[in-house]
Amino acid sequence: MSKLQSYKDDFVLLLETGFIAAGQTDEDAAKKLFRAAQLLSPQNMLPKVGYGYIHLLKLELKQACKMFDEVLKAEPDNQMAKALLGLSTSLTIKDADKGEKLLEDAMKNSKDPAIKNMAKTGIEFVEKFVKKQPTPVQGQPKTTKKGPKK
């Protein structure tokens with residue numbers, strides 16, 4: 001048995017710890033943990049979801065969407081990647097509707113209650129903050145201040 005094989009059971013632990021590190025904004029540790037998980041199970045797409053999650057948390061939405069798209073090409077039924085892609089996409093104003101549809105699909109089709117809850121919360125966020133019309137003050141054009149007439 002190779003040394004690497006003796007750590008196969010740690011795959012899930014490395015992934016979970018990577019997501020926790022990402023949530024704590026420890027990008028360096030998160031990347032190392034996801035890389036270690038990837039070495040243990042190269043065919044598994046969850047480390048790639050983790051990399052996308054890091055991009056999402058940094059609001060690097062284009063990179064996050066790219067990672068989640070890659071996962072979905074390999075695993076079209078990956079509801080976690082679909083929900084995170086929906087969330088990433090919905091944060092861009094021009095694609096908010098597309099992202100919301102992805103979130104609704106993930107919420108409807110996922111068997112995991114955590115993914116359902118994340119998708120539901122994402123939809124509520126989009127409705128409340130992304131699609132929100134500007135207030136009269138926010139919508140007014142900026143005026144330039146004029147100095148006193150001389």
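Just so it is clear, the structure is predicted and the values come from calculations on it, not from any experiment.
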Leu84 CG to Phe68 CZ distance, which is reported to the nearest 0.5 Å = 4.0 Å
message = Whether the side chain of Asn109 engages the backbone of Asp105 through a donor-acceptor N/O pair (distance < 3.5 Å, no angle test) should be reported.
response = yes
note = On a heavy-atom basis, the closest approach of Val130 and Ala96 is CG1-CB, 3.9 Å
message = My understanding is that only one of Leu14, Val12, Leu15 makes a side-chain contact (heavy atoms from CB on, under 4.5 Å) with Leu46; could you say which?
response = Leu15
inquiry  = Main chain of Ala81, side chain of Asn78: is a donor-acceptor contact present, judged purely on distance under 3.5 Å?
reply    = yes
ask   = side-chain contact (heavy atoms from CB on, under 4.5 Å) with Leu61: which of Leu87, Asp95, Thr92?
value = Thr92
task = Find the distance between CD (Gln79) and NZ (Lys108) and round it off to the nearest 0.5 Å.
result = 10.5 Å
ask   = Does the pair Cys65 and Met67 meet the rule for a side-chain contact (heavy atoms from CB on, under 4.5 Å), with working shown?
value = CA-CA 5 Å; Cys65 290; Met67 296 300 284; over 6 Å; no
request  = Apply salt bridge (Lys or Arg N to Asp or Glu O under 4.0 Å) to the pair Lys73 and Asp69, showing each step before the final yes or no.
outcome  = CA-CA 6 Å; Lys73 282 181 184 152; Asp69 274 330; over 6 Å; no
request  = Please check if atom CD in Gln24 has more than 12 non-hydrogen atoms from other residues, nucleotides or ligands closer than 6.0 Å.
outcome  = no
query = Could you give the distance from OG1 (Thr89) to CG (Leu103), rounded to the nearest 0.5 Å?
reply = 8.5 Å
query = Got a sec: does the NZ of Lys116 have more than 12 other heavy atoms crowding it under 6.0 Å?
reply = yes
request  = Can you measure from CE (Met107) to CD (Glu100) and round to the nearest 0.5 angstrom?
outcome  = 9.5 Å
message = Less than 3.5 Å apart, any donor N or O on the side chain of His55 or Gln63 sitting next to an acceptor on the other?
response = no
inquiry  = Please report whether the ring centroid of Phe19 lies less than 6.0 Å from that of Phe34.
reply    = yes
task = To the nearest 0.5 Å, tell me how far Glu75 CD sits from Glu70 CD.
result = 12.5 Å
message = Could you go through Ile54 and Lys31, starting from their C-alpha distance and side-chain angles, then the distance that decides it, and tell me whether this counts as side-chain contact (heavy atoms from CB on, under 4.5 Å)?
response = CA-CA 8 Å; Ile54 291 170; Lys31 284 182 175 179; 3.8 Å; yes
task = Report yes if the side chains of Leu57 and Tyr53 come closer than 4.5 Å at any heavy-atom pair, otherwise no.
result = yes
request  = Go through the steps for Tyr51 and Arg35 under the test side-chain contact (heavy atoms from CB on, under 4.5 Å), then give the verdict.
outcome  = CA-CA 9 Å; Tyr51 291 126; Arg35 179 68 183 134; 3.5 Å; yes
inquiry  = Distance check, rounded to the nearest 0.5 Å: Phe11 atom CZ versus Glu16 atom CD?
reply    = 10.5 Å
key: Leu72 vs Lys82 side-chain heavy atoms within contact, under 4.5 Å   = yes
request  = Start with the C-alpha gap between Val126 and Asp97, add the side-chain angles, then the distance that decides, and say whether side-chain contact (heavy atoms from CB on, under 4.5 Å) holds.
outcome  = CA-CA 9 Å; Val126 169; Asp97 291 333; over 6 Å; no
task = Could you tell me which residues satisfy salt bridge (charged side-chain N to carboxylate O under 4.0 Å, His left out) with Lys66, sequence neighbours excluded, listed by chain and number?
result = none
ask   = How far apart are the C-alpha atoms of Glu27 and Thr25, what are their side-chain angles, what is the distance that settles it, and do they pass the side-chain hydrogen bond (donor to acceptor under 3.5 Å, both in side chains) test?
value = CA-CA 6 Å; Glu27 181 181 355; Thr25 65; over 6 Å; no
inquiry  = I need the minimum non-hydrogen distance between Ala64 and Gly52, along with the two atoms involved.
reply    = CB-O, 3.6 Å
query = Which heavy atom in Ile115 sits nearest to a heavy atom in Ala83, and how many Å separate them?
reply = CG2-CB, 4.0 Å
